[in-house]
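Below, read A as the first sequence line, B as the second, and so on, with proteins coming before strands; counting in each chain starts at 1.
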There are 2 protein chains.
Amino acid sequence: MTKGPTPRQVARAENIARIKELALAQLAGTSAGELSLRAIARELNIVSSAIYRYFPSRDDLITALIVDAYDNLGQTLEEAGARGRRGPRRRWLDVCRAMREWALAEPHRFALVYGSSIPGYRAPRDTIAPAGRVVVAFSAPVCDELGAREPVAYGDSWSRPGRVLASQLRVSADALELDLPDAAMLAVVAAFARVIGALTLELNGHFVGGFEPADALFDALLDDEATRLGL
Amino acid sequence: MTKGPTPRQVARAENIARIKELALAQLAGTSAGELSLRAIARELNIVSSAIYRYFPSRDDLITALIVDAYDNLGQTLEEAGARGRRGPRRRWLDVCRAMREWALAEPHRFALVYGSSIPGYRAPRDTIAPAGRVVVAFSAPVCDELGAREPVAYGDSWSRPGRVLASQLRVSADALELDLPDAAMLAVVAAFARVIGALTLELNGHFVGGFEPADALFDALLDDEATRLGL
DNA sequence: CCCAAATGTGAGCACTGCTCTCTGTTGTTA
DNA sequence: TAACAACAGAGAGCAGTGCTCACATTTGGG
């Protein structure tokens with residue numbers, strides 16, 4: 001017989017979930033680095049040291065939150081970019097808008113993954129796979145579009161990448177299992193940088209007094225970038 | 001007679017400078033939010049509470065560091081973009097490369113100004129002027145180039161901005177005293193977002209395993225963006 | 001010279017992450 | 001079913017934090 005998880009195991013899973021939940025709530029109020037394990041313990045009616053049965057240190061909790069955030073964002077983008085009757089351009093725009101909506105809805109989580117790294121915190125290996133998921137979802141529409149095309153026709157305005165860069169582009173594309181020619185991969189990275197940059201600026205208040213709300217600006221940037229991507 | 005600053009005043013200025021210096025050193029080791037006033041006091045052979053004679057709170061110290069960082073970066077970019085026999089395109093590329101060098105040399109300062117905001121920290125008014133200096137220096141070569149041109153010829157591929165965006169573009173350009181037509185202003189913002197995004201990704205380790213060093217990548221992005229800016 | 005402003009002192013409050021020893025509980029295995 | 005080991009929580013304690021407050025000392029202008 002298949003023995004299900006013991007009561008203790010489900011209790012543990014529930015507690016871990018609750019801790020992450022409370023941590024997230026706390027993070028929403030303030031921002032990274034302020035996260036207090038003791039405060040979480042208090043809200044959990046648990047003595048502070050008991051938290052360490054679930055997460056060996058504060059950094060481990062944060063890492064878990066980061067992985068969750070990547071996964072959550074990745075899934076959101078995947079859903080937004082799911083094939084439908086829309087063309088690739090429209091789908092890519094939808095993915096980007098979904099990304100912005102996610103970021104605006106949960107700025108603390110965006111900061112967690114694309115913001116400046118936490119005090120002394122070094123991203124462990126665990127985070128790189130889920131991070132890739134986001135990039136893959138981001139570039140999926142571009143891959144689809146180019147799959148149906150003559151690759152040579154792409155990217156007239158991009159100068160041909162040099163040896164080093166070409167090699168890096170190949171390594172990165174392979175690591176993510178993206179079927180993109182060099183120039184396209186380069187364009188994707190450029191687009192990603194622009195989107196992340198725009199969101200970073202918006203979320204950190206660099207548009208205050210100028211572009212706020214930044215909806216129109218963001219749409220204009222996306223529109224241009226989509227053309228640039230050959231969509 | 002012009003009475004110079006009293007000994008006490010110079011001592012005060014020196015102390016403030018030393019505090020900021022030590023804070024910066026400490027920030028380099030760890031990163032924002034970890035900054036410890038007590039540690040600074042210790043290194044200064046001063047009792048911890050004495051720090052508060054110079055900075056009323058930790059946040060005020062951080063604000064001072066941010067303002068300094070903006071100014072420092074702004075000046076660096078201004079020098080890099082100073083007119084010479086180089087053309088606008090070359091000058092703009094130099095400005096961007098200077099920005100990257102600055103960011104790589106002092107990642108903690110970059111994080112301070114363009115990274116995710118510190119715990120509960122809300123950027124005060126004082127920081128917006130020096131922040132503008134940076135973007136002015138960033139767009140100076142573009143302004144020069146366009147000044148000698150028929151504005152209408154610019155930005156064929158940018159769709160004409162809508163009402164809201166056009167208004168925001170004007171407000172922003174005016175606030176920074178930039179003589180740029182709407183489409184150009186939009187292109188500048190897009191370029192800025194891309195550069196900030198690329199640096200954010202690089203500094204936070206999102207290129208690890210793929211684009212490292214990112215020199216070639218960065219140059220390729222800049223080259224494309226310069227063309228995009230009509231340089 | 002004097003007195004007020006500026007500066008430094010040291011104790012103290014409330015908080016943090018984390019460790020350690022101890023006790024109680026749970027689930028498996030003999 | 002009894003025994004035992006793994007697990008979970010309690011509570012004290014360490015070293016550190018930002019910040020306040022009453023107090024002492026230094027400084028410089030009227």
Side-chain angles (χ1 to χ4, degrees), chain A residues 1-20 22-23 25-27 29-66 117-122 124, chain B residues 1-20 22-23 25-27 29-66 117-122 124:
Chain A
M1 69 188 189
T2 56
K3 49 175 72 175
T6 108
R8 193 170 236 176
Q9 283 173 322
V10 336
R12 180 177 182 82
E14 271 174 13
N15 281 341
I16 288 184
R18 258 191 79 76
I19 290 176
K20 291 202 283 192
L22 289 173
Q26 204 183 115
L27 231 50
T30 66
S31 185
E34 290 276 80
L35 191 150
S36 158
L37 295 187
R38 291 181 111 111
I40 294 174
R42 239 172 286 138
E43 286 192 79
L44 219 46
N45 287 320
I46 276 300
V47 89
S48 74
S49 58
I51 293 273
Y52 294 86
R53 300 285 175 199
Y54 299 93
F55 294 94
S57 82
R58 221 193 61 166
D59 277 6
D60 290 270
L61 211 200
I62 293 179
T63 299
L65 295 181
I66 291 179
S117 32
I118 325 291
Y121 175 86
R122 177 92 189 124
Chain B
M1 67 187 187
T2 56
K3 51 174 70 178
T6 109
R8 193 169 235 177
Q9 283 173 322
V10 336
R12 180 176 183 83
E14 270 174 13
N15 281 341
I16 288 184
R18 258 190 79 74
I19 290 176
K20 291 202 282 192
L22 289 172
Q26 204 181 116
L27 232 51
T30 67
S31 185
E34 290 275 82
L35 191 149
S36 158
L37 295 188
R38 292 182 110 112
I40 293 174
R42 239 173 286 136
E43 287 193 79
L44 255 161
N45 287 320
I46 277 299
V47 91
S48 74
S49 57
I51 293 274
Y52 294 87
R53 300 287 176 198
Y54 298 94
F55 294 94
S57 83
R58 222 193 60 164
D59 277 6
D60 290 88
L61 211 201
I62 293 179
T63 299
L65 295 181
I66 291 179
S117 32
I118 326 290
Y121 175 86
R122 177 93 189 124

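On a pure distance criterion of 3.5 Å, a polar donor-acceptor pair joins the side chain of B:Arg8 and the base of D:dT26. Residue B:Arg38 places no side-chain atom within donor-acceptor reach of the base of D:dG16, judged by atom type and a 3.5 Å distance cut-off alone.
Between the C1' atom of C:dC15 and the CG atom of A:Leu35 lies a distance of 15 Å, rounded to the nearest Å. Across the protein-nucleic acid pair, A:Ile46 atom CD1 and D:dG9 atom C1' stand 6 Å apart, rounded to whole Å. D:dG18 atom P lies 13 Å from atom CD1 of B:Ile19, rounded to whole Å. Atom CD of B:Glu14 and atom C1' of C:dG8 are 17 Å apart (whole Å). The CG-P distance, from B:Leu61 to D:dG18, rounds to 10 Å in whole Å. If you take CG of A:Asp60 and P of C:dC18, they are 9 Å apart, rounded to a whole angstrom. With rounding to whole Å, B:Ile40 atom CD1 is found 15 Å from D:dG16 atom C1'. Rounded to an integer number of Å, the gap from CG of B:Leu44 to C1' of C:dT7 is 14 Å.
The nearest heavy atom of DNA chain D to A:Ser48 and to A:Arg53 marks one nucleotide each, and the one closer to the 5' end goes with A:Arg53. With the nearest nucleotide of DNA chain C identified for both A:Pro56 and A:Arg42, A:Arg42 has the one nearer the 5' end.
Of the side-chain N and O atoms in B:Ser36, one or more sit less than 4.0 angstrom from OP1 or OP2 of D:dT17. Dashed line: the shortest gap from a side-chain N or O of A:Asn45 to OP1 or OP2 of D:dG9 is not under 4.0 Å. Look at A:Arg12 and you'll find a side-chain N or O under 4.0 angstrom from OP1 or OP2 of D:dA8.
Of the N and O atoms on the side chains of B:Asp60 and B:Ser57, at least one donor lies less than 3.5 Å from an acceptor on the other residue.
The line from CD1 of B:Ile19 to CG of B:Leu65 is 10.5 Å long, rounded to the nearest 0.5 Å.
In this structure the side chain of B:Tyr54 never reaches within 4.5 angstrom of the side chain of B:Lys20, judged on heavy atoms.
Relative to the side chain of A:Tyr52, the nucleotides D:dA10, C:dT19, C:dT7 differ in distance, and C:dT19 lies closest. In the set C:dG12, D:dA10, D:dC21, D:dC21 carries the atom at the smallest distance from any side-chain atom of B:Ser49. Side-chain proximity of B:Tyr54 to the nucleotides D:dG9, C:dT7, C:dT9 is greatest for C:dT7.
Among A:Ile16, A:Leu35, A:Ile66, the single residue meeting the side chain to side chain contact (heavy atoms under 4.5 Å, CB included) criterion with A:Leu61 is A:Leu35.
Within 6.0 Å of CZ in B:Arg12 there are more than 12 heavy atoms belonging to other residues, nucleotides or ligands.
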